[in-house]
K.L.:
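Below is one structure. I have some questions about it.
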There are 2 protein chains.
Amino acid sequence: MSKQQSNVSRVYAALRQMAADFAFMPDQRINESELSKQLGASRTPLREALNQLVAEGFLTFQNNRGFFCRSLTPKYIQDLYEARVAVECEALRLSCRRASDSEIADLGAYLQQTEAEYENADDPTERLAMDESFHMRLVLLSGNGELERSLRSLNDRIRYIRLIDLQRMRDKAGVRVPGELSAHSRILLALAGRDAVAAEAAMRGHIEKRREAATDAVRIAFSQLYVPQD
Amino acid sequence: MSKQQSNVSRVYAALRQMAADFAFMPDQRINESELSKQLGASRTPLREALNQLVAEGFLTFQNNRGFFCRSLTPKYIQDLYEARVAVECEALRLSCRRASDSEIADLGAYLQQTEAEYENADDPTERLAMDESFHMRLVLLSGNGELERSLRSLNDRIRYIRLIDLQRMRDKAGVRVPGELSAHSRILLALAGRDAVAAEAAMRGHIEKRREAATDAVRIAFSQLYVPQD
DNA sequence: GCATTCAAAATTGTATACAGTTTAGAATGC
DNA sequence: GCATTCTAAACTGTATACAATTTTGAATGC
């Protein structure tokens, strides 16, 4: 009998979470000894996990200087949003051909259930989790493992900014007019109608609408990250 | 004065090349001691590089059993081709908006030059390098670093199969009718006309045309990989 | 105050050792 | 021949040690 899960993957998961949350400041140097104590593993497995995160773009590496948190710039966030459009639109196109009627119906039920919760949820983290979950389910319907992997990576690198964006939206957002369709509903409707063009257009519009706001949020993020207490 | 390039990144580059060429057989277990001798580094930096390749999908990892070459299945190759469509079509769309006229003219000159060479090149490796290069230049015009990174990864994981595909095409391919436009020319023309829809359609058709052939090539690849000498 | 120098401290890079686990293959029984 | 058991060899996982490099910060000169 042996452990199924490797120690490196446990450390990796913890680090990825930390990197997503910007527990490391942008461009901050990462101290291996300190971190290894914190995570209860020696530097050898820690560095193996850190190397994985470098390969995925969460961290960078400089010879003899070690590991650094990725930097956070409007350009970088824009790149990630554009990549999301690429991944999610193509996945949606595939889903229009491949998803079964019952899979689409299931997603519809999920959407209906969460949209009610969404309106009531105060916590932006909760809202974001619901939003991400809907988008991820859509990609899963495409049946493409590579697109799924890409979206997971993009989501984790973008999450912090989306959270800031959501917090700002909460303050000034009006309630949606009852009867008006949410962006998610419009996407799902087009999918149910197997209308790839309409679905893609709805998805593209939906993501790009948030892109501009998100690049603005980068500046806000800076102030939130670099001020310790407020 | 110090080395600019780290040892790990040297080992990584060598391993990535090997993984792209299927120097490791699909599903083959990788022996760390042997490989570390071969690459002139101890197991510590070797494993750091191997972990990067796991994160990128070139290899897999099982606790207490070590590293394995990714498996090679028609489904996997299809996923990668579909991801290429996602990345390259969106990049092209962005390029239509962003590329300067002179950048497009440069790419046109490059295309004209290589298409002549392409017809004469016997070596499939050369042909593939030219093809990849054109596609990569297109993505670079989008100015999106994330899409660029994705395409690089996809290219390396797909290359071996494309090579097999090209070898098969050589045997039965007819010469293109003079005056008829190559797929690359059609894409470039649409780009020059800033016609994102036409460009995307041409790109999609171009990649998908090879996708089916490539999944067939997987079976051929198996026979080539598993027969040592022929 | 500001730049420069330099030695001490901190940190990274990697080889190695060894414990823990898996694998290979011989021996055995059916 | 085929499955099972068991032991030795091979291999992986990780802590640790130490060399090489970078960083820190005090001392100095301007």
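It should be emphasised that the depicted structure is a prediction, and the values quoted were computed from it without experimental measurement. Just so it is clear: chains get the letters A, B, ... in the order the sequence lines come, proteins before strands, and each one is counted from 1.
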K.L.:
Could you give the CZ-to-P distance, from A/Phe61 to D/dT22, as a whole number of Å?
P.N.:
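A/Phe61 atom CZ is separated from D/dT22 atom P by 12 Å.
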K.L.:
Just the rounded figure in Å: distance from P of C/dA10 to CD of A/Glu34.
P.N.:
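A/Glu34 atom CD is separated from C/dA10 atom P by 13 Å.
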K.L.:
Would you say B/Gln78 and B/Glu82 are linked by a side-chain donor-acceptor pair, where the criterion is simply a distance under 3.5 Å?
P.N.:
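Yes, side-chain donor-acceptor contact under 3.5 Å.
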K.L.:
Walk me through it: do A/Thr73 and A/Ser71 pass the test side-chain hydrogen bond (donor to acceptor under 3.5 Å, both in side chains)?
P.N.:
CA-CA 6 Å; A/Thr73 62; A/Ser71 53; 5.4 Å; no
K.L.:
Nearest whole angstrom, please: distance from the C1' of D/dA15 to the CD of A/Glu32.
P.N.:
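My rounded result for the distance is 14 Å.
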K.L.:
Looking at C/dG13, I'd like to know if its phosphate oxygens (OP1 or OP2) sit under 4.0 Å from a side-chain N or O belonging to A/Asn63.
P.N.:
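Yes, because at least one side-chain N or O of A/Asn63 sits under 4.0 Å from OP1 or OP2 of C/dG13.
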K.L.:
If you apply the rule salt bridge (Lys or Arg N to Asp or Glu O under 4.0 Å), what do you find for A/Asp165 with A/Arg162, and how did you get there?
P.N.:
CA-CA 5 Å; A/Asp165 183 25; A/Arg162 293 178 77 182; over 6 Å; no
K.L.:
Whole-Å distance between C/dT11 P and A/Lys37 NZ?
P.N.:
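Whole-Å distance recorded here is 9 Å.
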K.L.:
Distance check needed: C/dA17 P versus B/Arg43 CZ, whole Å only.
P.N.:
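Atom CZ in B/Arg43 sits about 12 Å away from atom P in C/dA17.
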K.L.:
Within 45° of the six-membered ring axis of B/Phe22 and under 6.0 Å from that ring's centre, is NZ or CZ of B/Arg70 located there?
P.N.:
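Flagged: B/Arg70 positioned over aromatic ring of B/Phe22.
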K.L.:
Nearest heavy atom decides the nucleotide; on that basis, is A/Arg29 or A/Gly40 closer to the 5' end of DNA chain D?
P.N.:
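Whichever sits nearer the 5' end wins; that is A/Gly40.
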K.L.:
Report the C-alpha separation of B/Asp156 and B/Arg152 in whole Å, then their side-chain angles, then the decisive distance to 0.1 Å, and conclude whether the salt bridge (Lys or Arg N to Asp or Glu O under 4.0 Å) test is met.
P.N.:
CA-CA 6 Å; B/Asp156 280 356; B/Arg152 251 178 242 289; over 6 Å; no
K.L.:
Report the distance from atom CG of B/Asn31 to atom C1' of D/dT12, rounded to the nearest whole Å.
P.N.:
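Distance, rounded to whole Å: 10 Å.
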K.L.:
Specify the separation, in whole Å, of atom CD of B/Gln5 and atom P of C/dT14.
P.N.:
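Distance check: B/Gln5 CD to C/dT14 P gives 12 Å.
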K.L.:
Can you pull out the residues from residues 6-16 of chain A that lie within a 4.0 Å heavy-atom distance of DNA chain D?
P.N.:
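Output list: A/Asn7, A/Val8.
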K.L.:
Measure from NZ or CZ of B/Arg137 to the centre of the six-membered ring of B/Tyr110, then state whether that distance is under 6.0 Å and the direction lies within 45° of the axis.
P.N.:
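Cation-pi check for B/Arg137 and B/Tyr110: passes.
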K.L.:
Given 3.5 Å as the limit, does a donor-acceptor pair link the side chain of A/Ser133 with the main chain of A/Ala129, or not?
P.N.:
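Here the side-chain-to-backbone pair does not exist.
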K.L.:
Taking only heavy atoms on the protein side, list every residue of residues 44-54 of chain A lying under 4.0 Å from any atom of DNA chain D, sorted numerically.
P.N.:
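Those residues are A/Thr44, A/Pro45.
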K.L.:
To the side chain of B/Ser42, which of C/dT11, C/dA15, D/dC11 is closest?
P.N.:
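That would be C/dA15.
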K.L.:
Who passes side-chain contact (heavy atoms from CB on, under 4.5 Å) against A/Arg127, sequence neighbours left out?
P.N.:
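Residues passing side-chain contact (heavy atoms from CB on, under 4.5 Å) with A/Arg127: A/Tyr118, A/Ala121, A/Leu166.
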K.L.:
Tell me whether the OP1 or OP2 atom of C/dT11 has a side-chain N or O from A/Asn64 closer than 4.0 Å.
P.N.:
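False: A/Asn64 side-chain N/O out of range (4.0 Å or more) of C/dT11 OP1/OP2.
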K.L.:
Kindly determine whether A/Arg211 and A/Glu208 satisfy salt bridge (Lys or Arg N to Asp or Glu O under 4.0 Å), including the steps that lead there.
P.N.:
CA-CA 5 Å; A/Arg211 182 179 53 76; A/Glu208 288 192 342; 5.1 Å; no
